[in-house]
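Reading through the structure tokens given below for one structure.
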Amino acid sequence: MPELPEVETSRRGIEPYLVGHSIQYAIVRNTRLRWPVSEQILTLSDQPVHSVQRRAKYLLIELEHGWIIVHLGMSGSLRMLRKENQDAAGKHDHIDLVISNGMILHYTDPRRFGTWLWCEDLAASNVLVHLGPEPLSEAFNGTYLYKKSRNKRTRLKPWLMDNKLVVGVGNIYASESLFSAGILPDRQADSLSKTEADLLAATIKEVLQRSIEQGGTTLRDFLQSDGKPGYFTQELQVYGRAGEPCRACGLPIESTRHGQRSTFFCCHCQR
């Protein structure tokens, strides 16, 4: 599933081609995604694009009288194509936004678990209202993390992945951040000291920012908006490396499961 750095990379990739131009019309080949594609998107006509923003893993396209809310789901991807270079639509090519500058925003989603919704007021959006702070914002820091961890007996890894606590710290980046902070993922959240909370918050910011700079992490399905893969995969310290030597101490990386998700760690470097 594309995580926050991949979504932010997509946002940065499509923004220059959308802002200041207009969506002439939408081509929707399949309305049956995670939820039905909103009727307002089907009837778009000559709508100026004012901004392209991100909240958690949602892309927010601001138009004259409302917003398109896009979630890439498990396997969705966005690409910018020139009209003259567009091939015949494939089985998984569900939505095109035809732009006034001769470009097309092209949405592909093999599993059809993505989302294309319309909203007039973001503050009233059901999919956004319960989200926690952005991890790269000033609101997310060690003091916030420490206060939220008090009396929390949940294991650290799944706790960090709760979007009500903080958005966008998905499976890959939770494992990587805990490794970089030297904290075992199966500790209880309330075992964090204030010093550890400060370090973990700072580490999460650093890991996410580094991934954004590398264009995200390509594992199976993610591609940037220009079709190129993300390169943060080459920097992964523990995720997906079970049995391989730790890059820091040389002992084998271990793996366990928290809920339905795999967790990777080094029992020597993390405590």
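Quick note: numbers below take in every heavy atom, side chains included, and nothing from hydrogens, waters or symmetry partners. For the single chain, residues carry numbers from 1 onward in sequence order.
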For Glu64 and His50, does a side-chain donor sit closer than 3.5 Å to a side-chain acceptor?
yes

For the residue pair Phe140 and Val167, establish whether any side-chain heavy-atom pair is separated by less than 4.5 Å. no

Those residues at least two apart in sequence (or on a different chain) that pass side-chain hydrogen bond (donor to acceptor under 3.5 Å, both in side chains) with Gln209 are none

Hey, does Ile253 have a side-chain heavy atom less than 4.5 Å from the side chain of Phe265?
no

So side chain to side chain donor-acceptor pair (under 3.5 Å) across residues 262-271, not counting sequence neighbours, yields Lys157-Thr263, Arg257-Ser262, His258-Thr263

Residue pairs meeting side chain to side chain donor-acceptor pair (under 3.5 Å), one or both in residues 33-46, sequence neighbours left out, come to none

| request: State whether Glu15 and Arg54 are salt-bridged, where the test is any N-O pair (Lys NZ or Arg NE/NH1/NH2 against Asp/Glu carboxylate O) under 4.0 Å. | output: no

Taken in chain and number order and not counting sequence neighbours, the residues that satisfy side-chain hydrogen bond (donor to acceptor under 3.5 Å, both in side chains) with Arg153 are none

Is there a side-chain contact between Leu4 and Pro135, using heavy atoms and a 4.5 Å cut-off?
-> yes

Is the NZ or CZ atom of Arg150 both under 6.0 Å from the centre of the six-membered ring of Tyr146 and within 45° of that ring's axis?
-> yes

Measuring only between side-chain heavy atoms, which start at C-beta, is Ile183 closer than 4.5 Å to Leu156? yes

Between Glu134 and Arg55, does at least one N-O distance fall below 4.0 Å, as a salt bridge requires? yes

Hits for side-chain hydrogen bond (donor to acceptor under 3.5 Å, both in side chains) against Tyr107, two or more places apart or cross-chain, chain-then-number order -> Asp109

Those residues at least two apart in sequence (or on a different chain) that pass side-chain hydrogen bond (donor to acceptor under 3.5 Å, both in side chains) with Ser100 are none

